[in-house]
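These notes are about the structure you will find just below.
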Amino acid sequence: MKITPFATEHFFAEYEFTTPYQLCNSDCETITIAELLAMAEVDLAKLGQLGLGYTESQGNPQLREAIAASYTTATPDDIVILGTPVEGIYLAARALLEPDDEVIVLSPAYDALINMFEHVVGPSNVKKWQFQPTDTSWTLDFETLAQKITPKTKLLVVNFPHNPTGYLPTPEQLTQLVQIVEQHNLWLFYDEMYHGLIHSGTPSIPSAADVYQQAVVLSGLSKTYGLPGLRTGWLVIQDEALRQNVMNWKFYTSICPPAPSEFLAMAAWQVREQLRQKNIAQIEHNLALAEDFFARWEALFVWKRPLAGSVALVKMNIPSVTQFATQMATDAGVLIHPATTLGSDDQHMRMGFGRAAFATALTHFDNYLQQTTLP
Ligand SMILES: Cc1ncc(COP(=O)(O)O)c(C=O)c1O
């Protein structure tokens with residue numbers, strides 16, 4: 001059976017390990033195993049002593065307990081440690097839905113958040129709830145959302161901080177969102193992969209797990225903590241029956257989390273605040289460089305500063321970002337990400353601000369623009 005190509009991952013598979021100057025990564029700067037363990041004051045030799053047997057399918061109980069403690073309402077039983085964060089989208093789509101259920105997805109979005117749900121219920125049963133552009137940012141139109149709900153609607157899918165716009169709802173908007181799903185008795189799949197990456201001046205909001213019982217929350221260590229190579233993610237599911245169904249699907253995919261990743265995730269969780277602060281500082285530093293860059297190229301870009309997360313959606317006043325990006329990657333080794341893979345139009349690119357090499361890559365981008373005649 002075919003599924004829509006996962007365009008973002010195809011794009012990164014082609015360019016991520018071959019293009020030297022990258023401006024579009026959604027993860028934050030990573031660290032080594034030795035650095036992580038030193039930070040957490042865990043002896044590196046302990047990793048060497050770890051057995052490589054199967055692990056507990058729902059996840060290491062100590063890790064689940066530590067993660068549950070970061071939520072107000074979740075208990076260790078509610079946490080399902082995944083084989084990879086993206087697996088959580090697959091498991092939730094499978095466990096929550098029957099063919100012909102209707103789903104509403106905030107769009108644009110990380111492609112799996114649209115494609116996986118379309119695969120399960122059929123493309124005509126997935127309705128896109130579009131972000132609304134404002135002059136300086138983006139906003140959510142709750143009236144349109146409410147109009148899309150029918151008696152067949154089972155699930156609303158959102159992601160905040162949002163990839164690719166960098167949008168975070170206000171506390172009032174989160175309340176409004178929860179009121180709507182509650183009123184219509186909908187499940188809420190809430191992707192919090194960028195949770196905690198809140199920029200200075202943006203009011204923070206609680207995890208959806210703490211404000212809505214029927215939320216299925218996806219979180220993990222890849223983005224906020226800069227540890228995508230650990231492949232550690234988890235779902236928070238407070239509904240026992242749904243959790244058991246998710247576990248059953250998980251036996252067909254990863255069975256249990258990898259032992260080395262759980263060991264390192266335990267260490268990472270102890271120093272998560274340090275990692276998070278380091279990554280926010282890097283993002284804010286890079287955002288300042290980006291603002292300066294965009295001020296110099298005002299006619300070419302429409303810049304909307306993100307409120308949270310590690311990415312932003314930037315308009316380019318050229319006919320095709322895809323064509324331009326491909327040419328620039330070949331000619332100058334500079335990588336930008338055409339946001340068409342995320343369901344946006346071909347005049348937008350997604351930029352990422354979490355990497356230490358951002359400044360160098362931006363200089364190469366600037367030089368390329370100065371040498372190039374734009375269409
Ligand atoms: C919104 C969102 N959800 C889920 C994922 C999947 O995370 P991972 O690649 O760590 O599996 C990503 C990765 O880019 C993402 O941006």
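Indexing begins at 1, ligand by ligand and atom by atom, following the structure's order.
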**Study point:** ligand 1 to Val86 polar contact by distance, N or O atoms, under 3.5 Å
**Key:** yes
**Study point:** Heavy atoms of other groups near Lys148 NZ, more than 12 under 6.0 Å
**Key:** yes
Check your understanding: By number and element, which atoms of ligand 1 are closer than 4.0 Å to a non-hydrogen atom of Pro85?
Key -> 7 (O), 8 (P), 10 (O), 11 (O)
**Study point:** Side-chain heavy-atom pair Pro258, Arg231 within 4.5 angstrom cut-off
**Key:** no
Point to revise | Within 6.0 Å of CD in Gln132, more than 12 heavy atoms from elsewhere | key: yes
Review point. Ligand 1 and Ser222, any nitrogen or oxygen pair closer than 3.5 angstrom?
Key: yes
Revision key, fill the gap. Ligand 1 to Ser26, heavy atom cutoff 4.0 Å, flagged ligand atoms 14 (O)
Point to revise | Any N or O of Lys223 closer than 3.5 Å to N or O of ligand 1 | key: yes
Point to revise | Shortest protein contact, atom 5 (C) of ligand 1 (heavy atom only) | key: Tyr110 CE2, 3.3 Å
Point to revise | Side-chain heavy atoms of Met193 within contact of Leu218, under 4.5 Å | key: yes
**Study point:** Check: Asn163 main-chain N/O paired with Asn159 side-chain donor or acceptor under 3.5 Å
**Key:** yes
**Study point:** Tyr15-His337 aromatic ring centre distance below 6.0 Å
**Key:** no
Check your understanding: Relative to the heavy atoms of Asn159, which atoms of ligand 1 are at a distance of less than 4.0 Å?
Key -> 1 (C)
Check your understanding: Taking N or O atoms only and a 3.5 Å limit, does Arg231 qualify as a polar contact for ligand 1?
Key -> yes
Point to revise | Protein heavy-atom partner closest to atom 1 (C) of ligand 1 - residue, atom, separation in Å | key: Asp191 OD2, 3.3 Å
Check your understanding: Do Phe365 and Phe293 make the cut of ring centroids closer than 6.0 angstrom?
Key -> yes
